[in-house]
Number of protein chains: 2
Amino acid sequence: MIRISKKVEYALMALKFISDSDHKLVTAREISDKGNIPYDLLSKILQKLKNENILVSNQGMNGGYSLNKRTDEIPLFSLMTAIDGDTAIAECLHDNNDKDCCMTDTCTIKLPVTRLQKELEDLFKSKTISDFV
Amino acid sequence: MIRISKKVEYALMALKFISDSDHKLVTAREISDKGNIPYDLLSKILQKLKNENILVSNQGMNGGYSLNKRTDEIPLFSLMTAIDGDTAIAECLHDNNDKDCCMTDTCTIKLPVTRLQKELEDLFKSKTISDFV
DNA sequence: ATATATAGGACTATCTTAGTCCAAATTCAA
DNA sequence: TTGAATTTGGACTAAGATAGTCCTATATAT
Ligand code: FES
Ligand code: FES
């Protein structure tokens, strides 16, 4: 069945943690330790959030992460795409023309599935991190 | 990102096909041929739909499948659970107590994720097969 | 009897997700 | 200038889920 990836779960936990440590810089190590999240994996996730401008990072000693936006300005949807990339709910929805699904002609459900995709997206866009902290 | 399984896609195509062949019995072979769906896989799917009383089947020669309900009486949700089983959107939501997630104590996002799960379920319950035919 | 169906167990192959390992690059401070 | 703490990021591996195959049994109309 349809699932939110573990990585997004971790991201939510991390963002909650960062949000709770108001404005102090927080290190990946801290979040990993307190939250029981594999360090290396978490690091990657935080980096991606940084690349999406959800977090700001400071390298080096006494470095760490902090929020770049208010939690209610971060849609769950952008978290999901930042972390898991791509966004198609079904193979029907070939976004780019290079790797077409072989059923492009015969497929009978493309349109309604597209509609469903849209509705799900809207749901995930309407949720923000503030709903999770 | 979040996805509907290929099997559910096939199920939707099959149900559309059956619904279009009003009341005639339709064989798995027909659906497979016309829809370019792997026969063996499709068979399993149709069997599951039969076990959920979405379809009725007739074995033997001249056998086949037909709908057991109006398409607007079949929620997408029941299709999804019939085919992919289980229903948890995230590991947070350990439904049964035997295989608890190891983070049960430390997990900070259980509640909001449960809420999200509920909303998604409601969305999938509100959609019926009639939206896809 | 036999051809045409569904029924269903057991297996394999393929893809995705989760997690690990390692080697930079940055920054602070002694 | 050295060293510890930190982010950055590529490459790899392990584990799990999904998709697909194969084979045999059972039912039924003719
Ligand atoms: S399954 Fe590929 S176009 Fe619908
Ligand atoms: S991740 Fe297991 S309880 Fe939340």
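Per chain, numbering begins at 1; letters A, B, ... match sequence-line order.
- Of the residues near DNA chain D, B/Ile4 and A/Asp40, the one whose nearest nucleotide (by heavy atom distance) lies more toward the 5' end is A/Asp40.
- A straight line from CD of A/Gln47 to C1' of D/dG10 spans 11 Å, rounded to a whole angstrom.
- Spacing between atom NZ of A/Lys48 and atom P of C/dA18 amounts to 11 Å, rounded to whole angstrom units.
- Side-chain contact between B/Val113 and A/Ile4: absent, with no pair of heavy atoms (C-beta onward) separated by less than 4.5 Å.
- Going from atom CE of A/Met80 over to atom P of C/dT16 covers 17 Å, rounded to whole Å.
- C/dA7 atom P lies 15 Å from atom CZ of B/Arg29, rounded to whole Å.
- Per the geometry, NZ belonging to B/Lys7 stands 12 Å off P belonging to D/dT21, to the nearest Å.
- Contact annotation for A/Asn62: backbone-only contact, meaning every heavy-atom pair under 4.0 Å involves sugar-phosphate atoms and none involves a base.
- Between A/Tyr10 and the phosphate of C/dG19, there is a side-chain N or O to OP1/OP2 separation shorter than 4.0 Å.
- In this structure, B/Thr27 does not reach the C/dT6 phosphate: none of its side-chain N or O atoms is under 4.0 Å from OP1 or OP2.
- To the nearest angstrom, C1' of C/dA10 lies 15 Å from CG of B/Leu41.
- When distances run from any side-chain atom of A/Asn51 to the nucleotides D/dG20, D/dG9, D/dT8, the shortest one goes to D/dG9.
- Nearer the 5' end of DNA chain C, as judged by each residue's closest nucleotide, is the contact made by B/Lys44, out of A/Met61 and B/Lys44.
- When the C1' atom of D/dG20 is taken as reference, atom CG of B/Asn36 falls 15 Å away, rounded to whole Å.
- For A/Tyr39 and D/dT7, the shortest distance from a side-chain N or O to OP1 or OP2 is below 4.0 Å.
- Using a 4.0 Å cut-off between charged nitrogen and carboxylate oxygen, A/Asp40 and A/Lys44 do not count as a salt-bridge pair.
- No continuous path of ILVMFWY side-chain contacts below 4.5 Å connects B/Val133 to B/Leu25, so the two sit in separate hydrophobic clusters.
- The base of C/dT26 lies outside donor-acceptor range of the side chain of A/Gln59, with no N or O pair under 3.5 Å.
- Here B/Lys6 does not pair with B/Glu9 in a salt bridge; the nearest charged N to carboxylate O distance is not below 4.0 Å.
- Distances shorter than 4.0 Å separate some side-chain N or O of A/Lys50 from OP1 or OP2 on D/dT8.
- Toward the 5′ end of DNA chain C lies the nearest nucleotide of A/Ser5, the other residue of the pair A/Asn58 and A/Ser5 mapping further downstream.
- B/Lys118 and B/Asp122 are joined by a salt bridge, as a carboxylate oxygen and a charged side-chain nitrogen come within less than 4.0 angstrom of each other.
- What separates CG of A/Leu42 from P of C/dC21 is a distance of 16 Å, to the nearest Å.
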